[in-house]
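Below, read A as the first sequence line, B as the second, and so on, with proteins coming before strands; counting in each chain starts at 1. For clarity, every value in this text was computed on a predicted model and none was experimentally measured.
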Protein chains: 2
Amino acid sequence: MPLLLLKDLPRYECLLEAAKEFPDLDPSACEAYLNLLRTSDEVHAVIEGLLAEYQISSGRFGVLMLLGRAANARACGPVGGSTPAELADAAGVARATMTGLVDTLERDGLVRREPNLEDRRMMSVVLTPAGNTLIRSMLPKHFQLMAALMQPLTVEERKTLVGLLHKVLRHAPDCNRRPSPSA
Amino acid sequence: MPLLLLKDLPRYECLLEAAKEFPDLDPSACEAYLNLLRTSDEVHAVIEGLLAEYQISSGRFGVLMLLGRAANARACGPVGGSTPAELADAAGVARATMTGLVDTLERDGLVRREPNLEDRRMMSVVLTPAGNTLIRSMLPKHFQLMAALMQPLTVEERKTLVGLLHKVLRHAPDCNRRPSPSA
DNA sequence: AAAACATCATTAGCCACCTAACTGTCAGCC
DNA sequence: GGCTGACAGTTAGGTGGCTAATGATGTTTT
């Protein structure tokens with residue numbers, strides 16, 4: 001699912017050239033930014049290729065994963081599934097989006113909505129046996145693909161990468177400052 | 001534009017735990033994979049926040065950037081703009097998608113379609129003055145935001161990051177092998 | 001020259017994402 | 001008891017992706 005980023009990244013010398021015209025352009029920052037988005041886009045596309053073999057989009061896969069995790073976590077009692085609101089929060093999408101995803105998953109028989117008897121505003125979403133079977137059959141290939149994608153990096157390099165990414169991730173929200181939040 | 005990835009990444013110990021159940025799960029690969037997608041998602045969201053102030057989606061911005069670049073490159077002669085096919089290729093989207101993007105950009109007066117006199121199948125897409133003004137006014141803030149996003153990394157760290165990402169990027173296409181390409 | 005093929009742009013229909021508005025339910029308060 | 005507000009989930013409408021099919025135009029082959 002392309003972010004519509006430039007597919008061919010500019011060479012560093014071009015960035016240096018462009019920096020002459022745009023004093024705000026920081027070549028090393030720009031290069032890191034472009035490579036980050038480009039690489040993750042490519043990785044994402046590879047994963048989607050695998051999921052597509054199972055007729056599953058990345059969004060639907062995320063929901064199934066969350067439900068599978070919840071199914072593991074219960075173990076003890078007959079805890080119902082997760083609510084659409086919980087799923088939406090965990091996945092970082094709007095509730096209306098989750099409604100649509102659950103709609104199609106339910107249509108395909110992979111999940112089921114169950115009313116909550118205590119609070120009639122709430123629903124529980126649970127994996128059906130078919131959904132559970134599907135996700136269990138996908139996981140091994142999914143993990144293999146992750147491993148293959150990261151194979152060019154040593155374990156040490158992966159740690160370095162995670163550390164660098166984490167610095168950026170933690171700091172990103174600070175860049176959201178609106179120009180004039182009246183404060 | 002969320003990829004519907006889990007918003008809260010699992011802790012490393014959880015990955016180790018899960019690896020007991022799924023022998024294919026490589027914890028360090030999984031961690032790197034999740035952090036890569038999560039971070040780029042966050043960075044992308046920050047950038048979209050800026051673009052939204054200009055009523056521009058990430059897709060539309062990409063098109064305007066490509067056209068702006070083309071406008072710079074001509075310089076010498078009255079070279080027409082780019083064709084929709086070139087734009088789609090450069091942006092990595094389907095041609096139909098580019099048709100839709102150009103539609104809305106043209107509707108908003110930011111680009112213009114011009115017929116190609118030599119080959120009547122082809123169109124040229126060019127920035128209008130309004131489009132050019134818009135993109136020129138956005139670029140400085142866009143560059144500032146890139147710099148802010150990468151501010152937590154030193155120049156040295158950025159080089160390291162780019163190097164690691166590049167290894168993954170180059171290798172990613174090899175992971176696309178379909179199970180049985182009959183070869 | 002005519003027919004077959006390739007290519008460009010568009011259209012139509014699907015999915016996933018968003019925000020905003022709506023419906024039904026719960027909980028508190030008069 | 002009956003308001004009022006908060007909250008869960010859905011619905012409605014818009015945007016941007018995709019694929020597949022179409023129509024118009026070039027190109028190649030016969």
| task | Establish, with yes or no, whether the OP1 or OP2 oxygen of C:dC15 is under 4.0 angstrom from a side-chain nitrogen or oxygen of A:Ser57. | result | no
| request: Could you tell me the separation between the CE atom of B:Met98 and the C1' atom of D:dT19, rounded to a whole number of Å? | output: 16 Å
| Phosphate OP1/OP2 of C:dC26 contacted by A:Arg120 side-chain N/O (<4.0 Å) | yes
| field | Protein-nucleotide distance (A:Met123, atom CE; D:dT10, atom C1'), rounded to Å | value | 11 Å
| task | Please confirm whether B:Lys141 makes a cation-pi placement over B:Tyr54, using NZ or CZ under 6.0 Å from the six-membered ring centre and within 45° of the ring normal. | result | no
| query | Between A:Thr128 and A:Leu110, is there a donor-acceptor pair closer than 3.5 Å when you use the side chain of the first and the backbone of the second? | reply | yes
| query | Base, sugar-phosphate, or nothing: which does A:Thr99 touch, judged by heavy atoms less than 4.0 Å apart? | reply | base
| For D:dT11, does OP1 or OP2 lie under 4.0 Å from any side-chain N or O of A:Arg95? | no
| request: Would you confirm whether A:Glu106, through its side chain, and A:Arg113, through its main-chain N or O, come within 3.5 Å as a donor-acceptor pair? | output: yes
| task | Measure the distance from CD on A:Glu86 to C1' on D:dG9 and round it to the nearest whole Å. | result | 14 Å
| task | Just call it for B:Ala94: base, sugar-phosphate, or nothing, with non-hydrogen atoms closer than 4.0 Å on any strand. | result | base
| Atom CG of A:Leu101 to atom P of C:dC14: distance rounded to whole Å? | 18 Å
| message | Taking the nucleotide of DNA chain D with the nearest heavy atom to each, does A:Met122 or A:Gly100 sit closer to the 5' end? | response | A:Met122
| query | Between atom CD1 in B:Ile56 and atom C1' in D:dG16, what is the gap in whole Å? | reply | 13 Å
| If you take atom types as modelled and just measure distance, does the side chain of A:Arg121 reach the base of C:dC26 with a donor-acceptor pair under 3.5 Å? | no
| request: Figure out the CG/C1' separation between B:Leu51 and D:dT15, and round it to whole Å. | output: 15 Å
| field | Nucleotide nearest A:Arg60 (side chain, heavy atoms from C-beta), chosen from D:dT10, C:dT10, C:dA16 | value | C:dA16
| note | Among the nucleotides C:dT25, D:dG16, C:dC17, whichever has the atom closest to the side chain of A:Asp119 is C:dT25
| remark: Per nearest nucleotide of DNA chain C, the residue lying toward the 5' end, A:Leu117 or B:Asp103, is B:Asp103
| Value in whole Å for how far the P atom of D:dG16 lies from CG of B:Leu87 | 15 Å
| remark: Contacts of A:Glu118 and A:Arg107 projected onto DNA chain C by closest heavy atom; the upstream (5') one is A:Arg107
| said: Could you tell me how far apart B:Tyr54 (OH) and D:dT15 (C1') are, to the nearest whole angstrom? | reply: 21 Å
| request: Go through the steps for B:Asp41 and B:Thr39 under the test side-chain hydrogen bond (donor to acceptor under 3.5 Å, both in side chains), then give the verdict. | output: CA-CA 5 Å; B:Asp41 195 27; B:Thr39 302; over 6 Å; no
| query | Between B:Phe61 and B:His142, what is the ring plane arrangement, given parallel below 30°, perpendicular above 60°, and tilted in between? | reply | perpendicular
| Side chain of B:Thr97 (C-beta onward), nearest among C:dT19, D:dT10, D:dC18 | D:dC18
